[in-house]
Amino acid sequence: MPDIVAIRDLGAHHGQTVTVRGWLAGRRNGGKIVFLTLRDGTGICQGVVEARQTEAFAAADALPRESSLVVTGTVRPDARATGGCELAVESLQILHAAADFPITPKPHGIEFLMEHRHLWLRSRRPTAILRIRHTVIQACRRFFDDRGFTLIDTPILSPGAGEDAQTLFPVDYFGETVFLTQTGQLYLESACLALGKVYCFGPTFRAEKSKTRRHLTEFWMIEPEVAFAELDDVIALAEGMVCACVEAVLAKHEADLALLGRDPAPLRRVQAPFPRLTYSAAAERLRSAETRRQLEGELARDRAQLQQWVDRGVALEQQLQQARKVWEQDKLQAELHVLREDIEDLERDVQNRPKHMDLAAAFEWGKDLGGSDETILSRQFDRPVFVTHYPAVAKAFYMKRDADDPRVVCNMDLLAPEGYGEIIGGSQREDRLDALEAAMREKGLTPEDYNWYLDLRRYGSVPHGGFGLGIERTLTWICGLKHVRETIPFPRTLGRIYP
RNA sequence: UCCGACGUAGCUCAAUGGUAGAGCGGGUGGCUGUUAACCACUAGGUUGCAGGUUCGAGCCCUGCCGUCGGAGCCA
């Protein structure tokens with residue numbers, strides 16, 4: 001019995017007879033030769049079955065795509081095969097002959113793909129993204145593990161809090177209404193006073209009725225919490241973690257990023273220290289004439305780009321009419337499809353821009369930064385940027401008031417570059433009992449409802465803080481995607497819970 | 001919640017208010033170096049649903065359903 005070899009490792013077995021187990025990703029028939037595209041989860045390779053291998057040839061000849069199979073053959077180098085080597089098949093065992101596989105090599109619409117997400121996962125693009133997802137999660141966890149953090153699993157069911165019940169999913173808990181968690185933070189704070197440095201990683205749920213490319217109703221968040229830490233410590237931690245993630249992806253996923261069409265150059269610039277500015281400085285910046293000039297310049301450039309794309313579209317349509325070969329038409333049609341989408345996006349963007357410019361120019365101190373404001377700011381830097389010290393009125397009750405300026409809190413948001421926006425939100429926590437109770441009352445909350453949380457300020461309170469990083473938004477940025485839904489195996493969005 | 005676009009064969013899309021079509025996928029046959037293979041033949045439709053206008057509706061109007069996107073809000 002020949003060795004079972006992963007496709008990824010085939011290159012190390014030249015001249016040997018090996019067995020590959022996997023699925024049929026594609027097939028091309030000649031009269032007396034069949035080319036099989038095999039995938040096994042580690043890679044893709046080409047199998048060649050010649051007619052003189054009578055039994056194998058008969059099995060391969062009309063095998064439907066996505067059938068599962070075991071093939072044995074000789075590995076040989078061949079420049080014509082993707083990956084540089086191929087398997088000369090000697091025997092082929094069909095484990096299961098598939099029925100018509102719904103996802104074909106031709107382009108599909110997003111609705112169809114989402115409806116078949118359980119099968120779409122087998123395609124190259126989803127597997128590339130999911131592999132990168134694994135690396136990002138692993139890099140985060142390794143980062144914390146290497147620094148003496150303890151993983152704490154916080155509860156998913158949380159008692160009915162007064163805050164923002166509208167954006168939470170209610171669950172019937174033996175007759176009582178409870179909610180799916182929105183953050184592990186309050187529980188994590190307790191654990192941090194027990195173990196010093198802790199983190200949690202789990203799903204969180206938001207019932208916001210948002211149908212945009214940045215929203216999921218179920219997403220994953222990694223949240224560290226550190227005792228004896230102040231805002232600067234929290235910022236340094238976030239900076240280190242983001243750098244570690246990006247570094248790990250660059251080191252392991254050159255091919256995956258290329259498959260996704262992600263330019264790695266902007267990722268290589270992700271080096272500490274990240275620029276920092278205070279909320280007040282950000283507000284100044286948004287209102288400044290310099291920003292206005294810059295935005296007008298960008299707008300003019302984008303309008304020119306838009307015109308260029310429209311022209312390109314016209315040229316493509318002409319080429320399409322002249323194209324004879326099916327594959328030429330396919331290629332042109334695919335390019336045209338992408339181009340039309342890009343044009344639509346940019347058109348909308350260009351249309352919204354004057355409004356966003358006015359919003360920025362009229363930005364009032366005290367408001368939270370809007371999505372468009374974040375985009376404007378993040379585009380002014382070539383790496384992630386921290387915005388700190390937001391007005392207390394715009395932020396959560398648990399954030400610590402700044403000693404020098406009681407109007408603001410010791411918090412930070414990290415904005416990803418290239419217009420991707422917020423991926424991290426964090427703060428130093430209010431560690432004084434009276435200040436915390438006062439902040440709750442200001443927000444219309446009842447301190448008695450948070451009695452156990454307030455205990456943390458009654459028994460050995462210390463300065464502490466932490467943050468939460470949204471895994472899917474971070475991945476959207478790192479992978480250079482347009483939509484967050486591709487970064488999670490089975491996305492839950494407004495209006496979709498299948499499959 | 002509001003605004004917009006879309007809904008035609010399994011899929012991706014065509015079709016001045018006038019006989020519903022192509023490519024892919026499926027089936028059959030052919031081809032020993034294919035790379036989203038190619039060539040020939042073939043099956044496949046209550047045009048999302050319900051009304052309305054019209055001699056005539058896939059196309060126009062109204063309502064509903066569904067999908068996608070945007071705004072607000074958010075990680």
Side-chain angles (χ1 to χ4, degrees), chain A residues 25-37 44-52 57 62 64-65 78-83 86 88 99-116 124 164 166-167 182-183 203-223 320 323 325-331 333-334 336-337 341 344-345 347-349 351-352 355-356 359 368-372 374 413-416 420-426 467-477 482-485 487 493-496:
Chain A
R27 175 171 52 79
R28 294 171 297 279
N29 287 33
K32 294 200 170 70
I33 189 167
V34 177
F35 297 97
L36 305 175
T37 303
I44 287 185
C45 77
Q46 171 167 292
V48 185
V49 195
E50 297 184 29
R52 59 195 169 81
F57 186 79
R65 281 176 311 107
D78 192 312
R80 291 167 294 187
T82 352
E86 63 183 14
D100 294 345
F101 193 70
I103 297 173
T104 70
K106 300 287 174 173
H108 297 281
I110 190 65
E111 183 181 349
F112 182 80
L113 291 173
M114 289 312 304
E115 200 68 17
H116 296 84
R124 302 188 69 170
D164 289 336
Q166 279 177 343
T167 64
Q182 207 170 196
T183 166
T204 73
F205 306 87
R206 303 281 162 92
E208 289 152 15
K209 300 209 166 173
S210 301
K211 279 183 74 130
T212 80
R213 60 187 67 189
R214 297 181 305 282
H215 283 88
L216 297 167
T217 53
E218 179 183 308
F219 62 95
W220 288 67
M221 195 154 68
I222 192 155
E223 299 175 87
L320 189 59
K325 301 271 186 193
V326 171
W327 67 267
E328 274 178 327
Q329 293 171 1
D330 285 352
K331 216 170 219 170
Q333 213 133 42
L336 200 56
H337 205 83
E341 238 169 59
E344 211 175 298
D345 284 351
E347 255 173 4
R348 195 172 21 247
D349 198 12
Q351 211 175 349
N352 286 338
K355 195 171 75 191
H356 292 163
L359 271 176
D368 204 353
L369 292 175
S372 63
E374 287 181 357
D413 280 357
L414 182 64
L415 310 182
Y420 279 94
E422 185 177 353
I423 55 171
I424 285 180
F467 63 85
L469 170 132
I471 291 290
E472 287 79 11
R473 282 200 177 168
T474 302
L475 276 161
T476 309
W477 160 54
K482 280 188 178 174
H483 203 300
V484 69
R485 70 184 154 212
T487 62
T493 56
L494 183 62
R496 179 170 292 284

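Note that these values count all heavy atoms, side chains included, but never hydrogens, waters or copies made by symmetry. Bear in mind that the values here come from a model prediction, so they are computed numbers and not experimental data. Quick note on labels: first sequence line is chain A, next is B, and so on, each numbered from 1.
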With sequence neighbours excluded, residues passing side chain to side chain contact (heavy atoms under 4.5 Å, CB included) with A:E115: A:R496, A:Y498

Listed nucleotide nearest any side-chain atom of A:D100, set B:G26, B:G70, B:G33: B:G26

Euclidean distance for C1', B:G52 against B:G25 (whole angstrom): 39 Å

A:K482, NZ atom: more than 12 neighbouring heavy atoms under 6.0 Å: yes

Nearest-angstrom distance from the residue atom CZ of A:R65 to P of B:U35: 16 Å

Any A:I103 side-chain heavy atom under 4.5 Å of A:R65 side chain: no

Pairwise P distance, B:G17 and B:C61 [rounded to whole Å]: 12 Å

Distance, rounded to the nearest Å, where A:R213 contributes CZ and B:C73 contributes P: 18 Å

Helical stems, RNA chain B - three or more consecutive Watson-Crick or G-U wobble pairs below 3.5 Å: B:1-7 with B:65-71, B:10-13 with B:21-24, B:26-30 with B:38-42, B:48-52 with B:60-64

Touch class at under 4.0 angstrom, heavy-atom based, for A:D413 against every strand present: nothing

Sugar-phosphate only, base, or nothing, as touched by A:G30 at under 4.0 Å among non-hydrogen atoms: base

Distance, P atom - from B:G4 to B:G18, rounded to whole angstrom: 28 Å

Base versus backbone protein contacts along nucleotides 3-11 of chain B [heavy-atom cut-off under 4.0 Å; B, S, -]: --------S

Rounded distance (Å) that lies between atom P of B:U35 and atom CZ of A:R124: 15 Å

Span that lies between the C1' atom of B:C6 and that of B:G58, in whole angstrom: 14 Å

Atom-to-atom span, CG of A:L36 to P of B:U32 - whole angstrom: 17 Å

Sugar-phosphate only, base, or nothing, as touched by A:E223 at under 4.0 Å among non-hydrogen atoms: nothing

First of A:P64 and A:G31 reached from the 5' end of RNA chain B, by closest nucleotide: A:P64

Among B:U32, B:A75, B:U34, the one nearest A:R473 by side-chain distance: B:A75

Pairwise side-chain contact, A:M114 with A:T493, heavy-atom cut-off 4.5 Å (strictly under): no

A:R473 side chain to A:Y420 backbone, donor-acceptor under 3.5 Å: no

hbond_proxy A:E208 side chain to B:G72 base (donor-acceptor, 3.5 Å cutoff): no

From B:G33, B:C74, B:U35, nucleotide with atom closest to A:H215 side chain: B:C74

Given B:C74, B:C68, B:A75, the nucleotide with the shortest approach to the side chain of A:I110: B:C68

Side chain A:E50, main chain A:K32, donor-acceptor under 3.5 Å: no

Sugar-phosphate, base or nothing in reach of A:E50, heavy atoms under 4.0 Å: base

Intermediate values then yes/no, side-chain contact (heavy atoms from CB on, under 4.5 Å), A:R27 and A:V34: CA-CA 7 Å; A:R27 175 171 52 79; A:V34 177; 3.8 Å; yes

Check against side-chain contact (heavy atoms from CB on, under 4.5 Å), A:T37 and A:R28: CA-CA 8 Å; A:T37 303; A:R28 294 171 297 279; 3.5 Å; yes

For atom NE2 of A:H483 and atom C1' of B:A75, their distance in whole Å: 14 Å

P atoms of B:A43 and B:G48, separation to the nearest Å: 24 Å

N or O in side chain of A:R28 less than 4.0 angstrom from B:C31 OP1/OP2: no

Flag side-chain contact, heavy atom, 4.5 Å: A:L494 against A:H215: no

Touch class at under 4.0 angstrom, heavy-atom based, for A:I103 against every strand present: nothing

Main-chain N/O of A:R214 paired with A:T212 side-chain donor or acceptor, under 3.5 Å: yes

Under-3.5 Å donor-acceptor pair between A:R485 side chain and B:C68 base: no

Options B:G70, B:C68, B:C74, nucleotide nearest the side-chain atoms of A:R206: B:C74

Of the listed nucleotides B:C31, B:U34, B:G72, the one nearest the side chain of A:Q46: B:U34

Pairwise P distance for B:A14 and B:G33, with rounding to whole Å: 38 Å

Residue pair A:T204 / A:F219, side-chain heavy-atom distance below 4.5 Å: yes

Out of B:A75, B:U35, B:U1, whichever nucleotide has its closest atom nearest the side chain of A:K209: B:U1

Closest listed nucleotide, where the reference is the side chain of A:T212 and the choices are B:A71, B:G33, B:U35: B:A71

Residue A:N29, side-chain atoms from C-beta onward, closest of B:U32, B:C31, B:G72: B:C31

Rounded distance in Å between the P positions of B:G51 and B:A15: 28 Å

Between P of B:G69 and CG of A:L216, the distance in whole Å: 11 Å

P atoms of B:U62 and B:G70, separation to the nearest Å: 26 Å

A:R206 side chain vs A:Q182 backbone, donor-acceptor pair below 3.5 Å: yes

Mutual orientation of the aromatic rings belonging to A:F112 and A:H108 [parallel < 30°, tilted 30-60°, perpendicular > 60°]: parallel

A:R80 CZ to B:U32 P, straight-line distance once rounded to whole Å: 15 Å

Given RNA chain B, 5'-ward residue of the pair A:R52 and A:F219, judged by closest heavy atom: A:R52

Out of B:C74, B:G72, B:C68, whichever nucleotide has its closest atom nearest the side chain of A:R496: B:C68

Touch class at under 4.0 angstrom, heavy-atom based, for A:H116 against every strand present: nothing

Whole-Å distance separating the CZ atom of A:R214 from the P atom of B:G69: 12 Å

